[in-house]
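Structure record follows, encoded as structure tokens.
In what follows, chains carry the letters A, B, and so on, assigned in the order in which the sequence lines appear, proteins first and then strands, with residues in each chain numbered from 1. Keep in mind it's a predicted model, so treat the numbers as computed, not measured.
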Amino acid sequence: MPQITLPDGSTRQYDQPVTVAGVAESIGPGLAKAALAGRVDGELVDTSYTIDTDVKLSIVTDRDADGVEVIRHSCAHLMAQAVQRLFPDAQVTIGPVIENGFFYDFSFERPFTPEDLAAIETTMEEIVKEDLQVERSILSREEAVELFEKMGEKYKVEIIESIPGDEDLSFYRQGDFIDLCRGPHVPSTGKFKAFKLTKVAGAYWRGDSNNEMLQRIYGTAWPSKKDLKLYLQRLEEAEKRDHRKLGKQLGLFHMAEEAPGSVFWHPKGWRLFLNLLEYMRGRQEQADYIEVNTPDVMDRSLWETSGHWFNYRENMFTTQTEDERIFALKPMNCPGSVSMFAQGLKSYRDLPLRMAEFGKVHRYEPSGALHGLMRVRHFTQDDAHIYCTEDQMEQECMDVVTLVLDIYKDFGFEEVVIKLSTRPEKRIGSDEIWDKLEGALLNSLTSMNLDYVLYPGEGAFYGPKLEFVLRDAIGRDWQCGTLQVDMNLPERFDIAYVDENGDRHKRPVMLHRALFGSLERFIGILIEHYEGKFPTWLAPQQVAVLNITDKQGTYCTQVEESLKNKGFRAISDLRNEKIGFKIRELTLQKIPYLLIVGDKEVASRKVAVRTREGTDLGAMSLDAFCGHLQRDVSNYGRT
RNA sequence: GCUCGCUUAGCUCAGGCGGUAGAGCACUUCAUUGGUAAUGAAGAGGUCCCCGGUUCAACUCCGGGAGUGAGCACCA
């Protein structure tokens, strides 16, 4: 006699066990049709699931996120079924749900082509029309292995064998297709309304580059055609923000074949770069950092001491000189910083010592990893190393976290996710030290009441780390800042300070932190975040002064000079072109303010102000405009 | 590094069963001095990514390489 409580608090009584579909039907035919799955006491189940005790139930439809996930997961099965109908030799492996869609990996003798994709989509549509029932069944491990061996699905056999324990396994069958799966799935293949296969790519079996490469097909699926269309539009919008495209259009930088993964900064891009650097320098000075500079090329022995030679040798740029010494371009700033710390005797009175460096680092990244400014081989870190006592370590961590979160706000990044990565397998130092270090990061987060996501085993080889992931204007996540605590490098380099008792061998703790992370990457993120419309304080060019005819040229130049003298970045455009043409060009360059000057403005000693959004702020005196500009600049990018 | 695709004028891109190529914008010159997103005309501009091979002939076909794009793997 199950009594079922629905989400609205109402209850329903049934004389005998009832399925989720049965409940939906008893509520109404519309819901029965819309039901994709059920949530029974918090657990997602199929609509065919039978309820025989008192439970809380919600019927899952495509109006909730769970329902959309079920659609996507089932759509992966639908695609696999279509692939096997068209290509019986293709073996299935796995097909999970991902953000906005799904993929399925197949083992097949050749890569799939775009024509194959079209054919697969057509076959998927046919299977939707067939409206096949999706049936769940349970098999024992032995039966399952036997079944897949008979079908020649060796990857499935491998998956089953790797599932621990000896519990029974659930299977889903739709027509001639059966797959091992936890479920739940849609009740029938007629439920799909909008899907599209988006791309093909290679992917390693089990995500291991030592294994063979499988053929992966990506797809996206939505509750309605309209949702699918909106999604595809969003992709197009994102493409318009692509920093590589905007970087070219706005004349910020270029890359060349001779220097793969390295940036040629053009004047405007470099201005942006310097703006960020000067901003960070100011913030660090306020926070009692000192700034230093260390060599780019250093002897191999230094990297052996640091452990980088052992861990990352194949990703380092090296050079051998005539006398056969091997040098490496620094892939990190820490050994240089440690060497700086080791100069002269340090006292406990010097600690905490916050030593910053805008260090250019070179890493020989795998060619396939390179991506515009986001992943380069030559980049600049806003790096700093904080040397402190064990007692100071937690407070220093908290100060760094406070600083980084505040800095991100100046760019309009309010949503920041903190990742905590702990000791990896490949590491140096004792477990006791790792306990202390992980404890310090954890404690500083908890005492600041900050949420975090744990990434076990993802730390650096010398210490655990926090990573700051920010969400941009269109909801994409980017990892930028990092904070690592480290007692291992100080040990390896044998650095010390003198404590209050005159002990000359006290070991400092070392914090590694970068807040932008890589200046190059951060600029890439900003370009996409702002769609090239940098807030005024950052914009490489803040104001352009345009004359309508040659007659106002002198006045325009005076205005430009006057703005420059006040510290604003101004240009003038005195070309013999129509005013509409100049406005169009400079607006496309996304300059925040255009000052239009004709005879009227010259006569009244004013400027007519137009924003890049096309708003006419009217004519005003230059002083009034400077006031406006100053207020805009001092707001940074805060929202 | 792996899989698949791409590489033609400064930029965005057409093009052709193998017979050395074209548009728009930008550039130069001339005319035009025009009030809030494109004034008109003329001119100039190319080793069709690189190296080999096949061919009477290769930008086009074949092989190798580089760069780049989407994924995968990697990211101190």
Is there a side-chain contact between A:Leu511 and A:Cys397 in this structure, where contact means two heavy atoms from C-beta onward sitting under 4.5 Å apart? yes
Evaluate the side-chain contact (heavy atoms from CB on, under 4.5 Å) criterion for residues A:Tyr289 and A:Ile386: first the C-alpha distance (whole Å), next the side-chain angles of each, then the deciding distance (0.1 Å), finally the verdict. CA-CA 9 Å; A:Tyr289 284 67; A:Ile386 301 175; 3.8 Å; yes
For A:Glu258, report the nucleic acid contact type (base, sugar-phosphate, nothing); a contact means any heavy atom under 4.0 Å. nothing
Expressed as a whole number of Å, how far does the C1' atom of B:rU7 sit from that of B:rC51? 16 Å
What orientation do A:Phe108 and A:Phe87 show, parallel under 30°, tilted 30 to 60°, or perpendicular over 60°? tilted
So what does A:His371 touch, heavy atoms closer than 4.0 Å: a base, only the sugar-phosphate, or nothing? sugar-phosphate
With C1' as the reference atom in both, quote the distance from B:rG63 to B:rU55 in angstrom, rounded to an integer. 16 Å
Just to be sure I understand the rule, does A:Lys465 reach a base, reach only the sugar-phosphate, or reach nothing, if contact means heavy atoms closer than 4.0 Å? sugar-phosphate
Does A:Glu601 reach the side chain of A:Gln552, with side-chain heavy atoms less than 4.5 Å apart? no
With a 4.0 Å cut-off on heavy atoms, is A:Glu601 in touch with a base, just the backbone sugar-phosphate, or nothing at all? base
Could you grab the distance from atom NE2 of A:His362 to atom CZ of A:Phe379, nearest 0.5 Å is fine? 10.0 Å
Identify whether any heavy atom of A:Arg244 sits under 4.0 Å from a base atom; if not, whether one sits that close to sugar-phosphate; answer base, sugar-phosphate or nothing. sugar-phosphate
Contact class for A:Phe112 vs. all strands (heavy atom < 4.0 Å): base, sugar-phosphate, or nothing? nothing
Is the closest side-chain donor-acceptor distance between A:Lys154 and A:Ser107 under 3.5 Å? no
Could you tell me whether the side chains of A:Trp478 and A:Glu528 share a donor-acceptor contact shorter than 3.5 Å? no
Measure across A:Glu458 and A:Lys465 and return the closest heavy-atom pair with its distance rounded to 0.1 Å. O-CE, 3.3 Å
If you look at every strand shown and take non-hydrogen atoms under 4.0 Å, does A:Arg610 touch a base, only sugar-phosphate, or nothing? base
Would A:Leu563 and A:Phe625 satisfy side-chain contact (heavy atoms from CB on, under 4.5 Å), going step by step from the backbone distance to the final call? CA-CA 10 Å; A:Leu563 285 164; A:Phe625 173 67; 4.1 Å; yes
Which value, rounded to the nearest 0.5 Å, describes the distance between A:Arg313 atom CZ and A:Thr318 atom OG1? 4.5 Å
Would you indicate what A:Thr549 reaches in the nucleic acid, counting non-hydrogen atoms under 4.0 angstrom: base, sugar-phosphate, or nothing? base
Dot-bracket for RNA chain B, 5' to 3', Watson-Crick and G-U pairs with both distances under 3.5 Å, [ ] for crossing pairs, | for partner on another strand, reads (((((((..((((.....[..)))).(((((.......))))).....(((((..]....))))))))))))....
Short N-O contact, A:Lys582 and A:Glu585, less than 4.0 angstrom: no
For B:rC17 versus B:rC61, give the span between their C1' atoms, rounded off to a whole number of Å. 12 Å
Between B:rA23 and B:rG34 - C1' atom distance, rounded Å: 29 Å
If I pick the P atom on B:rG15 and the same atom on B:rA70, what distance separates them, to the nearest angstrom? 23 Å
At under 4.0 Å between heavy atoms, what does A:Asn576 touch on the DNA or RNA strands: base, sugar-phosphate, or nothing? base
Same-atom distance (C1') from B:rG16 to B:rU20, integer angstrom: 13 Å
Take atom C1' in B:rU68 and the same atom in B:rU29, then report the distance between them in whole Å. 37 Å
Looking at RNA chain B, which of residues 578-588 of chain A put a heavy atom within less than 4.0 Å of it? A:Lys578, A:Ile579, A:Gly580, A:Phe581, A:Ile583, A:Arg584, A:Thr587, A:Leu588
Mind checking A:Gly614 for me? I need base, sugar-phosphate or nothing, with any heavy atom below 4.0 Å counting as a touch. nothing
On a whole-Å scale, what distance lies between the P atoms belonging to B:rC2 and B:rC74? 16 Å
Looking for any heavy atom pair under 4.0 Å, which part of the strands does A:Asn311 touch: base, sugar-phosphate only, or nothing? nothing
Name the nucleic acid region contacted by A:Phe103, choosing base, sugar-phosphate or nothing; use a 4.0 angstrom heavy-atom cut-off, strictly under. nothing
OG1/A:Thr536 to CZ/A:Arg612 distance, rounded to the nearest 0.5 angstrom? 5.5 Å
Return the 5'-most residue of the pair A:Ala608, A:Val200 with respect to RNA chain B, ranking by each residue's nearest nucleotide. A:Ala608
Nearest-nucleotide check on RNA chain B, A:Gly598 vs A:Pro260; residue mapping nearer the 5' end is A:Gly598
What does A:Pro366 touch in the nucleic acid at a heavy-atom separation under 4.0 angstrom: a base, only the sugar-phosphate, or nothing? base
Please find the earliest and latest nucleotides of RNA chain B, in the 5' to 3' direction, that have an atom within less than 4.0 Å of any heavy atom of chain A. B:rG1 to B:rA76
In Å and rounded to the nearest 0.5 Å, what is the CD to CZ distance from A:Gln479 to A:Phe468? 10.0 Å
Which part of the nucleic acid does A:Lys600 contact within heavy-atom distance under 4.0 Å: base, sugar-phosphate only, or nothing? base
